[in-house]
Amino acid sequence: MKNIVLTGFMATGKTTVGKKVATTMSFGFIDTDKMIEKMANMTVSEIFEKYGEDFFRRLEKAAVIKAARLKNFVIATGGGVVLNPSNIVQLRKNGVVICFTARPEIILRNIGKNKDRPLLMVDNPEEKIRQLLREREPFYRFADYTIDVSDMTIDEVAEEVIKAYIRLKKG
């Protein structure tokens, strides 16, 4: 069985939905950001603060290579994983890539007061979200399937992921 790989912008529900899908499908679950935190023995925010984004992206690439080797897993990726095309190549080898999108105001609402989003520690986080979405949009197109989660519940998104996976894994 191929893996289910969830990509998309931060705070679109990849981890929450991924855990639900994994349980429903009797798959394992792994979050690449959690893998990175374990590798570095510090949080994503601490990595960004102490070593910068380039260092984080190198750790992310190593985590992706490790995660891509798994079988029967739901893999939730960090929002910027798509910025390195080799990450998507790795994840596609044994996985169906499903991208979550959402309107900027929904993303901002989902983030709330969370201070663990280093790229959004700016004066105008909604404008930063819009900017990052514009920059990443071409990369998100490489997904096998895209779901706009803006007006969906967690259960609805999970159901849509499973339906898409069943259709796409045959190819």
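No experiment lies behind these values; they were computed from the predicted model shown. Computed from heavy atoms alone, side chains included, the values below leave out hydrogens, waters and symmetry copies.
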Peer 1: Over all heavy atoms of both residues, which pair between Cys99 and Ala143 is shortest? Give the atoms and the distance, please.
Peer 2: CB-CB, 3.5 Å

Peer 1: Just to verify, what does Lys66 make a side-chain contact (heavy atoms from CB on, under 4.5 Å) with, not counting sequence neighbours?
Peer 2: Met35

Peer 1: If you compare all heavy atoms of Gly78 against all heavy atoms of Glu60, which two are closest, and at what distance to 0.1 Å?
Peer 2: CA-OE2, 4.3 Å

Peer 1: May I ask you to decide whether Glu159 forms a salt bridge with Lys163, counting only side-chain N to carboxylate O separations under 4.0 Å?
Peer 2: yes

Peer 1: If we ignore hydrogens and angles and just use 3.5 Å, is the side chain of Asn3 paired with the main-chain N or O of Val5 as donor and acceptor?
Peer 2: no

Peer 1: State the CZ-NZ distance between Arg58 and Lys61, to the nearest 0.5 angstrom.
Peer 2: 11.0 Å

Peer 1: Any ion pair linking Lys34 and Glu37 (charged N to carboxylate O, less than 4.0 Å)?
Peer 2: yes

Peer 1: Once rounded to the nearest 0.5 Å, what's the spacing between atom CD1 of Ile88 and atom CG of Leu83?
Peer 2: 9.5 Å

Peer 1: Donor-acceptor check, side chain of Arg57 to backbone of Asn84, threshold 3.5 angstrom: yes or no?
Peer 2: no

Peer 1: Which pairs would a plain distance check flag for residues 89-98, meaning a side-chain donor or acceptor within less than 3.5 Å of a matching protein atom at least two apart in sequence or in another chain?
Peer 2:
unit_1: Arg92; atom_1: NE; unit_2: Asp144; atom_2: OD1; d: 3.3
unit_1: Arg92; atom_1: NH1; unit_2: Phe142; atom_2: O; d: 3.3
unit_1: Arg92; atom_1: NH2; unit_2: Phe142; atom_2: O; d: 2.3
unit_1: Arg92; atom_1: NH2; unit_2: Asp144; atom_2: OD1; d: 3.0
unit_1: Asn94; atom_1: ND2; unit_2: Leu70; atom_2: O; d: 2.9

Peer 1: To the nearest 0.5 Å, what is the distance between CZ on Arg130 and CG on Leu108?
Peer 2: 9.5 Å

Peer 1: Is Glu127 salt-bridged to Arg134, cutoff N-O under 4.0 Å?
Peer 2: yes

Peer 1: How far apart are the closest heavy atoms of Ile30 and Ala67, and which atoms are they?
Peer 2: CG2-CB, 4.4 Å

Peer 1: With a 4.5 Å cut-off on side-chain heavy-atom distances among I, L, V, M, F, W and Y, is there a chain of contacts connecting Ile65 to Leu59?
Peer 2: no

Peer 1: As a test of understanding, state which of Val17, Asn110, Val149, Leu6 forms a side chain to side chain contact (heavy atoms under 4.5 Å, CB included) with Thr12.
Peer 2: Val149

Peer 1: Classify the angle between the aromatic ring planes of Tyr165 and Phe27 as parallel (below 30°), tilted (30 to 60°) or perpendicular (above 60°).
Peer 2: perpendicular

Peer 1: Quick one: closest heavy-atom pair of Thr153 and Glu156, and the distance?
Peer 2: N-OE1, 2.8 Å

Peer 1: Going through the distances and angles, do Tyr145 and Glu160 end up as a side-chain contact (heavy atoms from CB on, under 4.5 Å)?
Peer 2: CA-CA 10 Å; Tyr145 190 76; Glu160 184 73 17; 2.4 Å; yes

Peer 1: Return the CZ to CG distance between Phe29 and Asn72, rounded to the nearest 0.5 Å.
Peer 2: 15.5 Å

Peer 1: Between the side chain of Thr32 and the main-chain N/O of Val64, is any donor-acceptor distance below 3.5 Å?
Peer 2: no

Peer 1: I'd like to know if Asp148 and Arg103 make a salt bridge, using a cut-off of under 4.0 Å between side-chain N and carboxylate O.
Peer 2: no

Peer 1: Nearest 0.5 angstrom please: Phe139 CZ to Glu137 CD, how far?
Peer 2: 10.5 Å

Peer 1: Let me check something: do Leu168 and Met1 share a hydrophobic cluster, defined by ILVMFWY side-chain heavy atoms less than 4.5 Å apart, either directly or through other members?
Peer 2: yes

Peer 1: Quick one: closest heavy-atom pair of Ala102 and Leu133, and the distance?
Peer 2: O-CD1, 4.2 Å

Peer 1: Within this structure, what is the CG-CG distance for the pair Asp33 and Asp31, rounded to the nearest 0.5 Å?
Peer 2: 5.5 Å

Peer 1: Quick check: is Met25 connected to Val157 through a chain of hydrophobic side chains (ILVMFWY, heavy atoms under 4.5 Å apart)?
Peer 2: yes

Peer 1: Do Tyr140 side-chain atoms and Phe9 backbone N/O form a donor-acceptor pair below 3.5 Å?
Peer 2: yes

Peer 1: Taking all atoms of both residues into account, what is the closest heavy-atom pair of Met42 and Tyr51, and its distance?
Peer 2: CE-CE1, 3.8 Å

